[in-house]
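Residue numbers run from 1 in the order of the sequence given.
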Amino acid sequence: MILLRLVTLCITVVSFGKPALSEPSKPNIVFVLVDDLGFNDFSWRSSDLQNAWPNVNNLVKQGVRIDEYYTHALCTPTRTAFMTGRMPLRQGLQNGVLTPYERWGVPLSERTLAEKMKAVGYQAYGVGKWHLGYYNNASTPLQRGFDRFYGYYNGLEDHFTHKIDGYLDLVDDGHVDASRLNQYSGHLFSEKVESIINDHKESFPEKPMFLYYALQNVHEPLQAPAEYTDSSACAHILNPLRRVYCGMARAVDSAIGNLTQHLEARFEDDVLLVISGDNGGLPMAGGNNFPLRGQKTELWEGGVRNNALLYSRTLIPSTLRGTLYTGGFVHVMDWHATFLELAGASNLAGLPTDGFNVWPAIMQNSSSPRTEVALNIDPCTGLPPFTSNCNFTIGGYAQAAYRQGDYKLLLGVHYDIVIPVLDGASNASAEVEWYGIPAASGGVKFNKAAGLKDGLGQTSWLFNLRDDPSERHNLYDTHPETVRQIKAKIDALAKEEIFACGSLCPVDKSAQRQASKLGVLIPWVPPNDEALS
């Protein structure tokens, strides 16, 4: 039980305004997505960064934590699951992430969460990172249900220049914003959120608000103002990568503190806030998922099991504040169904969704409606550049992971380890192997002989996560019936997936030519040439 509590993750729920009452018909809903937040990087879960989260730590005391919370292993798939409520394999977005010159995105046949919320009277706002396609205007946030959007179309931008691949990627309601050079993205997005909250209350005082706040922190490049890295929360950390990462986390906490302050000041009615990571941390960029195995991009728990916090001052009974929800697991796409139910929009027409409304279960601490989840089914292996060993036959796949109850089956998944926290060590002895991080940066070291006993060539795995949340004891050969049952579900779902464009899409040279000519990344496909929509 102690080990389980060390590796399980949480969500906190809190609201602003009136004393706790039953759910209103249309609460204001705010979803904060923290980029590349590792399992061991957030607030109460972290072994070394807890002091970087003073504002979140205060929210935790008033919220409900979720014991087991899942996302996908990368940015684009998680955002797709949340925004559509459907598995990314249904959109061809299950492989890798979208890159700047790909003629692809969330299919226009999908109705986004913003579109659905808007249909029942909400004003919908987006701030931060989109990363769901922008090759044509129809794929951009303002055409996908958002009334306003400020931020990046892509991922991996410099936090100060707002450029990726040398080109500016910052838009304000569809217009390029070239006026923010050397302004830190965390500060910039926080300022815009404050402005949107104030404008909403002035212009639409009778309408509920849906705010999608997708921060770029703590995603690489590792950049943070000195006010955060030199703060008492981070100055003690010896490893240089981890210290900057801590500063980026501190910036996120500051942004969340600013957000909650303005929500409380401007809203007397119900507000529901959910804070979530989007995938596991990346150790070579300062993140950490200890004691879970693996990292971002991978289907090990360290890549897909994450943190979340839900906060509301009026929607949660006092008896639940500060408690841990232990009724089962929750997936990021379940927020789609949950928010629609709270907004009175669950009966809208559209494609069938894969998520569940988890609100009643959390509020009653009863069994979760989710008992299984496909963590991914990918036609290619998960190793960068995400295009190796592909299987494009109908129903074929190169790797997959599926959790059913306590058991998790992984197929075609390559070996990884439980990676320790970056500790500043710079010397390796003969029996210690450096893993993935240059020694000059402090590195990560592990004793291979004393570590996991599974063979490096093994790619088929079965774990009982209730007993073994760190995925140390492979049961694949001893539980053939469990393997057969779960594999049958993977095989059936694989027949439903569509071609995974993602990292497999060829570079559209017309996009590169436009970026080179204009110096910015904006849609390039005209309306009469949108065959991939």
- Message: The test is side chain to side chain donor-acceptor pair (under 3.5 Å); show your working for T80 and Q91 and say whether it passes.
- Response: CA-CA 8 Å; T80 299; Q91 295 96 7; 5.3 Å; no
- Message: A cation-pi test, strictly: NZ or CZ of R403 under 6.0 Å from the centre of the six-membered ring of F329 and no more than 45 degrees from its axis. Yes or no?
- Response: yes
- Item | Atom pair SG (C234) and CE (M248), whose distance is rounded to the nearest 0.5 Å | 11.5 Å
- Task: Report yes if some heavy atom in the side chain of Y407 is under 4.5 Å from a heavy atom in the side chain of H479; otherwise report no.
- Result: yes
- So, for A52 and R250, which heavy atoms are closest and what is the spacing to 0.1 Å? O-CD, 3.3 Å
- Residue pair S43 / V60: nearest heavy atoms and the distance that separates them: OG-CG2, 3.7 Å
- Message: I'd like to know whether C75 forms a side-chain contact (heavy atoms from CB on, under 4.5 Å) with N279, so could you lay out the CA-CA distance, the side-chain angles of the two residues, the decisive distance to 0.1 Å, and finally the verdict.
- Response: CA-CA 7 Å; C75 309; N279 48 245; 3.8 Å; yes
- R111 and L351, any side-chain heavy atoms less than 4.5 Å apart: no
- Query: So, R144 side chain and E110 main chain: donor-acceptor pair closer than 3.5 Å or not?
  - Reply: yes
- Examine distances only and state if a side-chain atom of N464 and a backbone atom of D468 form a donor-acceptor pair shorter than 3.5 Å. no
- Please step through side chain to side chain donor-acceptor pair (under 3.5 Å) for the pair Q50 and N57, ending with a clear verdict. CA-CA 8 Å; Q50 191 170 93; N57 292 340; 5.2 Å; no
- Query: Are a donor atom and an acceptor atom from the side chains of Y69 and S276 found within less than 3.5 Å of each other?
  - Reply: yes
- SB check R242 D41 (cutoff 4.0 Å): yes
- Query: Thinking salt bridges, do D491 and K495 make one under a 4.0 Å N-O criterion?
  - Reply: no
- Item | Expected output: side-chain T76 to main-chain V97 donor-acceptor under 3.5 Å | no
- Query: Does the N307 side chain pair with the main chain of G38, one donor and one acceptor, at a distance under 3.5 Å?
  - Reply: yes
- Item | Residue pair R103 / D508: nearest heavy atoms and the distance that separates them | CD-OD2, 3.4 Å
- Message: Any heavy-atom pair between the side chains of P100 and I164 that's under 4.5 Å?
- Response: yes
- Does some side-chain heavy atom of P369 sit less than 4.5 Å from a side-chain heavy atom of V358? yes
- Let me see the working for C380 and Y397 under side-chain contact (heavy atoms from CB on, under 4.5 Å), right down to the final yes or no. CA-CA 7 Å; C380 303; Y397 53 90; over 6 Å; no
- Is any NZ, NE, NH1 or NH2 atom of the basic residue among E157 and K129 found under 4.0 Å from an Asp or Glu carboxylate oxygen of the other? no
- Task: Would you confirm whether S46, through its side chain, and D48, through its main-chain N or O, come within 3.5 Å as a donor-acceptor pair?
- Result: yes
- Item | Beyond-backbone contact of P77 with M87, side-chain heavy atoms, under 4.5 angstrom | no
- Message: Quick one, F339 and L272 - any side-chain contact, counting heavy atoms below 4.5 Å?
- Response: yes
- Any donor and acceptor pair, going by atom type alone, linking the side chain of Q223 with main-chain N or O of H159 inside 3.5 Å? yes
- Go through V244 and Y228 one step at a time and tell me if the side-chain contact (heavy atoms from CB on, under 4.5 Å) criterion holds. CA-CA 8 Å; V244 178; Y228 299 126; over 6 Å; no
- Nearest 0.5 Å please: distance from the CG atom of N365 over to the CG atom of L324. 8.0 Å
- Message: Quiz question: by atom type and distance under 3.5 Å, do the side chains of Y245 and N288 form a donor-acceptor pair?
- Response: no
- Task: Could you check whether the rings of F82 and F31 sit parallel, tilted or perpendicular, using 30° and 60° as the cut-offs?
- Result: parallel
- Does any non-hydrogen side-chain atom of V56 lie less than 4.5 Å from one of F42? yes
- Note on the structure: Taken to the nearest 0.5 Å, the spacing of S470 OG from I417 CD1 works out to 12.0 Å
- Query: Does any N or O in the side chain of R243 come within less than 3.5 Å of the main-chain N or O of L238, such that one atom is a donor and the other an acceptor?
  - Reply: yes
- Looking at K163 and D169, does any basic side-chain N land under 4.0 Å from a carboxylate oxygen? no
- Could you pull out the closest heavy-atom pair between G247 and A224, with the gap in Å? C-CB, 3.7 Å
- Just how far is it from atom CD1 of I256 to atom CG of L273, taken to the nearest 0.5 Å? 7.5 Å
- Message: Is a donor from one side chain sitting under 3.5 angstrom from an acceptor on the other, for N95 and D378?
- Response: yes
- Side chain of H331, backbone of M333: donor and acceptor closer than 3.5 Å? yes
- Query: Can you name the closest pair of heavy atoms from L411 and S460 and give their distance?
  - Reply: CD2-OG, 4.1 Å
- Item | Any side-chain donor near an acceptor of the partner, T71 and D278, under 3.5 Å | no
- For L108 and A138, work out which heavy atoms get closest and say how close. CD2-O, 3.4 Å
- Looking just at side-chain N and O atoms, do E102 and T99 make a donor-acceptor pair shorter than 3.5 Å? yes
- Roughly how far, to the nearest 0.5 Å, is CG of L93 from CZ of R86? 11.5 Å
- Query: So do F146 and Y212 actually touch side chain to side chain, heavy atoms under 4.5 Å?
  - Reply: yes
- Message: Under a 3.5 Å distance rule, please check whether W300 uses its side chain to pair with a backbone N or O of H414 as donor and acceptor.
- Response: yes
- Item | R370, K408, R466 screened by salt bridge (charged side-chain N to carboxylate O under 4.0 Å, His left out) with E68, the one that passes | R466
- Say whether, by atom type as modelled, one donor and one acceptor occur between the side chain of W359 and the main chain of I362 under 3.5 angstrom. no
- Classify the ring geometry between Y134 and Y153 as parallel (under 30°), tilted (30 to 60°) or perpendicular (over 60°). parallel
- Just checking, R293 and W461: is the charged tip under 6.0 Å from the six-membered ring centre and within 45° of the axis? yes
- Message: As a quick check of understanding, evaluate side-chain contact (heavy atoms from CB on, under 4.5 Å) for V32 and V274, giving each step before the final call.
- Response: CA-CA 6 Å; V32 177; V274 175; over 6 Å; no
- Partners meeting side-chain contact (heavy atoms from CB on, under 4.5 Å) with S366 (sequence neighbours left out): A361, Q364
- Got a salt bridge between R90 and E496, using NZ or NE/NH1/NH2 to carboxylate O under 4.0 Å? yes
- L33 CG to L215 CG distance, which is reported to the nearest 0.5 Å: 8.5 Å
- Report the residue from Y152, Y213, F149 that forms a ring pair (Phe, Tyr, Trp, His ring centres under 6.0 Å) with F189. Y152
